[in-house]
Amino acid sequence: YQIELEKIKKIKEEDAISKTIEKQSNQLRLLDREKDGDLIEADNKMRRVTNLFYKEKNRISQAIEQTKEEITKMYKERDILNKKINEKSSVVKDELFVLNLRFDGVNEVKNRAKDTMELFASQIAFTK
């Protein structure tokens, strides 16, 4: 009879241990799911930030490319005007002055675009 009681006691202890192990396993699974969810959310946020960065980078690159084209065009115009200056009167000199003002404005836009791109890149680096 004592042996039977000990067997029953042992079985109950094993059941209690099994239930405890099952509870802990379930808790670990829940924690893993939470962790996976957090990782997925963080990954999605990083993808969104990265996409925003590349969109902004492309927009700035396009603006810089357009500015370069405008600068090249203005250099050509300036060269033509310089030739006219050598041949013509002060009226042409006034045209060159206005063109140089436009040229300075475009350079200012180019410099601001470059500064914005560097700032945005540093902000992205900071968020990583």
Side-chain angles (χ1 to χ4, degrees):
Y1 178 72
Q2 186 68 23
I3 294 173
E4 289 298 319
L5 281 176
E6 293 216 12
K7 282 182 183 179
I8 292 172
K9 190 176 181 183
K10 207 174 212 183
I11 290 172
K12 286 182 179 181
E13 284 177 3
E14 288 173 356
D15 279 349
I17 291 171
S18 292
K19 286 180 183 179
T20 301
I21 290 172
E22 189 176 334
K23 272 185 181 178
Q24 288 177 345
S25 292
N26 287 338
Q27 287 176 337
L28 284 174
R29 272 190 234 112
L30 286 174
L31 287 172
D32 277 349
R33 283 189 200 135
E34 272 185 45
K35 182 187 75 166
D36 289 346
D38 290 346
L39 289 174
I40 289 170
E41 185 179 339
D43 187 52
N44 288 339
K45 284 181 182 177
M46 184 56 83
R47 286 174 200 249
R48 285 192 296 273
V49 167
T50 301
N51 286 341
L52 287 173
F53 168 74
Y54 282 111
K55 282 180 186 177
E56 186 66 13
K57 179 184 174 228
N58 288 338
R59 186 187 69 74
I60 290 170
S61 294
Q62 288 173 350
I64 288 172
E65 191 59 37
Q66 182 180 357
T67 302
K68 284 180 183 177
E69 290 171 7
E70 289 177 16
I71 289 171
T72 301
K73 181 181 173 187
M74 288 183 189
Y75 272 125
K76 288 177 184 177
E77 289 177 15
R78 189 172 73 176
D79 289 344
I80 291 170
L81 287 176
N82 279 332
K83 287 179 185 177
K84 285 182 181 180
I85 287 174
N86 291 334
E87 300 169 359
K88 296 198 177 191
S89 69
S90 65
V91 173
V92 175
K93 289 180 184 178
D94 292 340
E95 289 176 3
L96 180 60
F97 177 76
V98 169
L99 183 60
N100 280 330
L101 287 177
R102 284 178 45 208
F103 183 73
D104 291 342
V106 169
N107 273 335
E108 181 66 30
V109 169
K110 177 185 145 196
N111 291 337
R112 276 190 261 136
K114 181 181 173 190
D115 292 345
T116 301
M117 189 167 154
E118 289 172 358
L119 175 64
F120 194 77
S122 69
Q123 288 173 343
I124 290 296
F126 179 72
T127 59
K128 286 185 179 183

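- Using modelled atom types and a 3.5 Å distance limit, the side chains of Arg48 and Asn51 yield no donor-acceptor pair.
- Under the salt bridge (Lys or Arg N to Asp or Glu O under 4.0 Å) criterion, Arg33 pairs with no residue at all, not counting sequence neighbours.
- Classification of Asp15 and Lys19 as a salt-bridged pair fails, no side-chain N sitting under 4.0 Å from a carboxylate O.
- Met74 and Leu99 get closest at one heavy-atom pair: O-CD2, 4.0 Å.
- Hydrophobic clustering keeps Met117 apart from Ile124 (ILVMFWY residues linked when any side-chain heavy atoms are closer than 4.5 Å, directly or through intermediates).
- For the ring-ring contact (aromatic ring centres under 6.0 Å, His included) condition, the pairs that include at least one residue of residues 8-62, sequence neighbours left out, are Phe53-Phe120.
- Both Tyr75 and Val106 are part of a single hydrophobic cluster, where members link through side-chain heavy atoms under 4.5 Å apart.
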Before you tell me yes or no, could you show the steps for Arg102 and Glu77 under side chain to side chain contact (heavy atoms under 4.5 Å, CB included), namely the whole-Å CA-CA distance, both residues' side-chain angles and the distance that decides it to 0.1 Å? CA-CA 11 Å; Arg102 284 178 45 208; Glu77 289 177 15; 4.1 Å; yes
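- Side-chain contact between Glu69 and Glu65: present, with at least one pair of heavy atoms (C-beta onward) separated by less than 4.5 Å.
- To the nearest 0.5 Å, atom CD1 of residue Ile64 and atom NZ of residue Lys57 are 10.0 Å apart.
- Rounding to the nearest 0.5 Å gives a distance of 10.0 Å between CD1 of Ile40 and CZ of Arg47.
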Start with the C-alpha distance between Lys10 and Glu6, add both sets of side-chain angles, then the distance that settles side chain to side chain contact (heavy atoms under 4.5 Å, CB included), and finish with yes or no. CA-CA 6 Å; Lys10 207 174 212 183; Glu6 293 216 12; over 6 Å; no
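- Each of Leu52, Asn58, Ile60 was evaluated against Glu56; a single residue qualifies, Ile60, per the side chain to side chain contact (heavy atoms under 4.5 Å, CB included) test.
- Taking a 6.0 Å sphere around CG of Leu31, one finds it holds more than 12 heavy atoms contributed by other residues, nucleotides or ligands.
- For Glu108 and Arg112, the salt-bridge test passes: some basic side-chain N is under 4.0 Å from an acidic carboxylate O.
- Partners of Lys114 by side-chain contact (heavy atoms from CB on, under 4.5 Å), not counting sequence neighbours, listed by chain and number: Glu118.
- The structure places CG of Asn26 at 12.0 Å from CD1 of Ile21, a figure rounded to the nearest 0.5 Å.
- Distance check, rounded to the nearest 0.5 Å: CG of Asp32 to OG of Ser25 gives 10.5 Å.
- No side-chain heavy atom of Lys55 sits under 4.5 Å from any side-chain heavy atom of Arg59.
- Interatomic distance, CG of Asn111 versus OG1 of Thr67, reported as 10.0 Å (0.5 Å rounding).
- How far OG of Ser61 is from CD of Gln66: 12.5 Å, rounded to the nearest 0.5 Å.
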